[in-house]
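First the structure, in the form of structure tokens, and then the observations on it.
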Amino acid sequence: MAEDEQEYDFSSIERRWQEFWEREKTFRAEDGSDKTKYYALDMFPYPSGAGLHIGHPEGYVASDILARYRKACGFNVLHPMGWDAFGLPAEQYAIKTGTHPSETTQANVDNFRRQIKSIGFAIDWDREINTTDPGYYKWTQWIFLKLFQRGLAYVDEKPVWWCPELKAVLANEEVVNGKSEVGSHPVERRNLRQVVLRITAYAEKLLAGLDDLDWPDSTKRQQKAWIGRSEGAEVQFGIEGSDEKLEVYTTRPDTLFGATYMVVAPEHPLLDKLVIDEKKEEAKAYVEAAAKKSDLDRTDLAKDKSGVFTGSYCINPANGDKTPIWVADYVLISYGTGAIMAVPAHDERDFEFAEKFDIPINRVISRADGDEEKSKLPYSGPGVMVNSGEYDGMDADACKAKIISDLEAKNAGKGAVNYKLRDWIFSRQRYWGEPIPLVWVSLEDFEKATHTDGIIKDLLPERAVTTQKDGKTLYALPLPASELPLKLPEVENYQPSGTGESPLATIPEWLEVWFDLSTGKTVSRAEDRPDGGNWVSATRETNTMPQWAGSCWYHLRYLDPSNPDHLVAPEKEAYWGGPDFYIGGAEHAVLHLLYARFWHRFLHDEGVLAHPEPYGKLFHQGLILGEDGNKMSKSVGNVVSPDIVIEAYGADSLRLFEMFLGPLEAVKPWSEKGIEGVHRFLRKVNRECLRKDKHLSGEETDKETLRLLHETILKVTEAIEDLRFNVAISQMMILANHMQKVENYSVESAKALLQLLAPFAPHLAEELWEKLGGSPSIANHPWPKAREELLVADEITIVFQVNGKLRGQAQFPKDVDKETVITAAKGDEKVQSFLEGKEIVKEIYVPGKLVNLAVKG
RNA sequence: GCCCGAGUGGCGGAAUUGGUAGACGCAGCGGACUUAAAAUCCGUUGACCGCAAGGUCGUGGGGGUUCAAGUCCCCCCUCGGGCACCA
């Protein structure tokens, strides 16, 4: 055979087959096919300027293996890719250079696409999507308008991070240790006008829906904790000398008799009335100081409680006790009622506060067993009621319901459920995002809108959405779907406005419009007011949507990527449903995955979608660390680029090695030496498949080869199903090593190995498949089936143990009986040496596996 | 502080219903081929004792259940992740 025929020329092989797949549209997903569908989805990337790093493809390779495997198993497979391309970096680059973010984005997308294509994924590129494409964000806006129409969007002043140096509002993730991530400038809390989505209305559904999802437990737990449901009671405390009531939320109504003081949050609406004159100054100073503290400070100083007595008292509805009311910033206005009854005996935080300010601590729960050590205050375990009047002696937990119903009878409280989940601040004061399709009008024009026939009237929420601007109240009107997409205007420069508003606020000809209350059409006020009676003067909303918006529903757009009339055609959604497999980083455990579930459930409730949940099965790939064991980062200089790896070893080696590194979910370091190992394996496969002198035609005749082949088919198949790709690769290595050792094997055996290998190393598999006479593409040939009857050996090895320690072994016919084996074990020379002078007390036989003789003496 | 997850050779990792610990790969050592190298192949490689046959120990540490424990139970240590005044 010729030397050069054995060369593994991965570069030309990979180029050739990538062209073939593209030309033949091998991986086109068929709409409305008779076959069962299989939808494998990757969390789509943000196309950064830095390009792909070695961590990106890990998940993509995993989903690609599943996609190719399922295709071979006869499924109609959808494996798409797209770009989550709105975001801050392109905008910051624009501020620096004046380059339009769309240009930067386009260049980055092109680079990402080139890199991803070079890895040879089974992607249907005809379905590529881009969140910055007006044809895409038209539907992002459309969904927003639905939410608006249903009263799930509102506008409110919310505290956000403001960086005076950058003159910009920053997202939480852009603030690190109280400084801006870019440039390390100080940041502060500022109340700014925000568009907010009422995700809290979906708290219960989002919580309940988790049960049916095949997701990592830790991710479900994180979402549960984030939603933070708790059950308790709202209790009204009378205020001494006032008709007002102070309402508190507690999960421990059973400790009502132990409330020795009350606390309201510094922002509590009743605070002003509660503070007596002598305390005014002190309280004012305290509230102001608390307002200046960021959330971070409040948390950091958590251990050091602070507060001021207001001078007022509540009356405890249970026992009529006079209870002092304090203001303290350890109570948050955003949770519950913004006020608590403090029970220092049974709450750690209240205990600490009470000790510091010398407030009485009254025990009302005792351990039933009287164990003093375990019931030290503050005690929050189970127990019986004490010092609680008529309730004394009752089980505390059982008492909760009783106290709630007694309070209800007295009209002093009721059972209540609370969530930690907060509404979703949905606006960003930025240019490079989806414009929010609302305009603002005066009260007069708004009222006119509610009476004007046309499409706008029906799109209004039940309760008007308002905001304050320059001392006037403005009313929100939606653009109708017919006016979407509302495109981003061109701007001169991308500098922030400096007022905390988006750069869009600096473009009067876009901002100020004539709005038709009947049709929803807009015309710039730079032009004359059009004829007709329904045109009013309006101002556009200048906020844009957060990056999460586009990724909330992209899994749907892949099903019908260029439909101009529907977000997704109902019959396509009905056929494809959600992804059968969704893979991406665990860092998205809460936000992206919760927001997407919210939108998806909402669209389901609206009748737009057939399925309630977007992602039935979810998986998180583990991080790939640098060779030094540190997280890959530019500053450490341990970043590995796939381009370099592909040039040196080929895409197949890259794919194979990313999967061979270890369990998919594990965090694991990269290794240059390691990739050489899998590269050697591919060379070996290449060499063996080209060794015509070793090839036999017809079925495999060598028993051992046949057995190992089918064992490999079985193990690789199971390993793929279980996402244990590293184990699958090991098994293929074992088979390749065997084929190299034996003198001959059937071409059919080699071809079966190639089929198993194809999902992992598709280029080489295609090349060798063709060279062995297979017709391309190997991806279209049915997955091999393991003949399990071949796996049962005629002879089995049974090991002999004495007291659990291995002392010998022997071969037996596969249907050997217990007596024979035990007799043989006892007769074994070595076993005997360990039995000598001892008494056998027990004989264990595990059929087909082992004998264990327990001895003593 | 609270809630999870993980600790197995020099390294990445196998052993997924309690049943031969260390598959596969890397690195190392010895050898074959070669003028030489590369490539490839063969052998060897947990620790300790022993010339050997063989033995003893061994899955973060300590205890326990069992004929049998990496796997189950209790306590502890280390690392990783999440939450963090949510009443």
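In what follows, every heavy atom counts, from backbone to side chain, and hydrogens, waters and symmetry copies are set aside. In the text below, chain A, chain B and the rest are named by the order of the sequence lines, each starting its count at 1. Here the structure is a predicted model, which means the values were calculated and not measured.
A salt bridge is absent between A:K158 and A:D423; no separation between the charged side-chain nitrogens and carboxylate oxygens falls under 4.0 Å. Ion pairing between A:E231 and A:R229 holds under the 4.0 Å rule for side-chain N and carboxylate O.
For A:R683, the side-chain atoms get nearest to B:A39 when compared with the rest of B:A87, B:G55, B:A39. Minimum atom distance to the side chain of A:T250 is reached by B:A87, of the listed B:U56, B:A87, B:C41. Out of B:G55, B:G13, B:A87, the shortest distance to the side chain of A:K830 is found at B:G55. If you check B:A87, B:G82, B:C42 against the side chain of A:Q740, the one that comes closest is B:C42.
When the P atom is used for both B:A69 and B:A84, the distance is 43 Å, rounded to whole Å. Rounded to whole Å, the P atom of B:G54 lies 29 Å from the corresponding atom of B:G60. Comparing B:G13 with B:U65, their C1' atoms are spaced 30 Å from each other, to the whole Å. Taking atom P on both B:U45 and B:C24, the two are 12 Å apart, rounded to the nearest angstrom. Here, B:G62 and B:C42 have their P atoms 41 Å apart, quoted to the whole Å. Taking the P atoms as reference points, B:G46 lies 10 Å from B:G10, given to the whole Å. Going from the P atom of B:A23 to that of B:C72 covers 23 Å, rounded to whole Å. For the C1' atoms, the distance from B:U66 to B:G55 is 25 Å, rounded to whole Å.
As rounded to whole Å, 17 Å separates atom P of B:G54 from atom NZ of A:K805. Look at NZ on A:K220: it is 17 Å from C1' on B:G82, rounded to the nearest Å. Atom CG in A:N418 sits about 9 Å away from atom C1' in B:A87, given to the nearest Å. Atom CD in A:E829 sits roughly 13 Å away from atom C1' in B:G54 (whole-Å rounding). For A:M732 and B:A14, the CE to C1' distance is 15 Å, given to the nearest whole Å.
Side-chain N/O atoms of A:Y335 include one lying less than 4.0 angstrom from OP1 or OP2 on B:A87.
A donor-acceptor pair under 3.5 Å is absent between the side-chain atoms of A:D397 and the main chain of A:P382, judged by distance alone. Remark: the backbone N or O of A:E247 is paired with a side-chain donor or acceptor of A:T337 at under 3.5 angstrom. Remark: the backbone N or O of A:V742 is paired with a side-chain donor or acceptor of A:K694 at under 3.5 angstrom.
Of the residues in residues 711-720 of chain A, none has a non-hydrogen atom less than 4.0 angstrom from any atom of RNA chain B.
Taking the six-membered ring where the residue is Trp, A:W424 and A:Y595 present parallel rings, their angle staying beneath 30° rather than reaching 60°. Relative orientation of the A:F357 and A:F353 rings is tilted, given thresholds of 30° and 60° on the angle between their planes. Classified by interplanar angle (parallel below 30°, tilted 30° to 60°, perpendicular above 60°), the ring pair A:Y335/A:Y249 is perpendicular. Ring-plane geometry between A:Y745 and A:H695 is classed as tilted, the angle between the planes lying from 30 to 60 degrees on a 0 to 90 degree scale.
B:G9 has its base syn relative to the sugar, with a glycosidic angle deviating from 0 by at most 90°.
Residues satisfying the side-chain hydrogen bond (donor to acceptor under 3.5 Å, both in side chains) test with A:E704, not counting sequence neighbours, are A:R707. With sequence neighbours excluded, the residues forming a salt bridge (charged side-chain N to carboxylate O under 4.0 Å, His left out) with A:K814 are A:D794, listed by chain and number. Residues satisfying the side chain to side chain contact (heavy atoms under 4.5 Å, CB included) criterion with A:P216, sequence neighbours excluded, are A:S218, A:T219, A:L618, A:H620. Residues forming a side-chain hydrogen bond (donor to acceptor under 3.5 Å, both in side chains) with A:K826 (at least two apart in sequence, or on another chain): A:E843.
With a 4.5 Å cut-off on side-chain heavy atoms, A:Q809 and A:D828 do not count as touching. Looking only at side-chain heavy atoms (C-beta outward), A:L661 and A:N726 stay at 4.5 Å or farther from each other.
The closest side-chain donor-acceptor pair between A:Y286 and A:S306 falls under 3.5 angstrom. No hydrogens or angles considered: a donor-acceptor pair under 3.5 Å links the side chains of A:R422 and A:S334.
Of the two residues near RNA chain B, A:K420 and A:E665, the one whose nearest nucleotide lies more 5' is A:E665. Of the two residues contacting RNA chain B, namely A:Y249 and A:A666, the nearest-nucleotide position lying further toward the 5' end is that of A:A666.
For RNA chain B, the stems formed by at least three consecutive Watson-Crick or G-U pairs, with both atom-pair distances below 3.5 Å, span B:1-7 with B:77-83, B:10-12 with B:24-26, B:28-32 with B:40-44, B:46-49 with B:54-57, B:60-64 with B:72-76.
Applying the ring pair (Phe, Tyr, Trp, His ring centres under 6.0 Å) test to pairs two or more places apart or on separate chains, those with a residue in residues 658-677 of chain A are A:F657-A:W670. Among pairs with a residue in residues 662-679 of chain A, those fulfilling salt bridge (charged side-chain N to carboxylate O under 4.0 Å, His left out) read A:E58-A:K668, at least two apart in sequence or across chains.
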Between the protein and nucleotides 23-27 of chain B, which nitrogen or oxygen pairs are less than 3.5 angstrom apart?
| unit_1 | atom_1 | unit_2 | atom_2 | d |
| --- | --- | --- | --- | --- |
| B:A23 | N1 | A:S730 | OG | 3.4 |
| B:G25 | OP1 | A:N737 | ND2 | 3.0 |
| B:C26 | OP1 | A:R680 | NE | 3.0 |
| B:C26 | OP1 | A:R680 | NH2 | 2.7 |
| B:A27 | OP2 | A:R680 | NH2 | 3.4 |

Could you list the protein-to-nucleotides 3-9 of chain B atom pairs, N/O on both sides, closer than 3.5 Å?
| unit_1 | atom_1 | unit_2 | atom_2 | d |
| --- | --- | --- | --- | --- |
| B:C4 | O2' | A:R221 | NH2 | 2.2 |

Output one line per pair: protein atom, nucleotide atom from nucleotides 63-67 of chain B, and distance, for all N/O pairs under 3.5 Å.
| unit_1 | atom_1 | unit_2 | atom_2 | d |
| --- | --- | --- | --- | --- |
| B:C67 | OP1 | A:K842 | NZ | 3.1 |
| B:C67 | O2' | A:N852 | ND2 | 3.3 |
| B:C67 | O2 | A:N852 | ND2 | 2.6 |

Under 3.5 Å between N/O atoms: give me all the protein pairs with nucleotides 47-49 of chain B, atom names plus distance.
none

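In this structure, A:S334 reaches neither bases nor backbone, as no heavy-atom distance under 4.0 Å exists between it and the strands shown. If you check every strand for non-hydrogen atoms under 4.0 Å, A:L850 touches a base. Residue A:K741 is classed as a sugar-phosphate contact, given heavy-atom separations below 4.0 Å to backbone atoms only. When heavy atoms are screened at a 4.0 angstrom cut-off, A:R807 is found touching the sugar-phosphate backbone but no base atom. As judged by a 4.0 angstrom heavy-atom cut-off over every strand, A:F834 is placed among residues touching the sugar-phosphate backbone only.
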Could you walk me through whether A:R691 and A:D693 pass the salt bridge (charged side-chain N to carboxylate O under 4.0 Å, His left out) check? CA-CA 5 Å; A:R691 289 273 318 253; A:D693 56 318; 2.9 Å; yes
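For the pair A:R683 and A:Y8, the cation-pi test (distance below 6.0 Å, angle within 45°) is failed.
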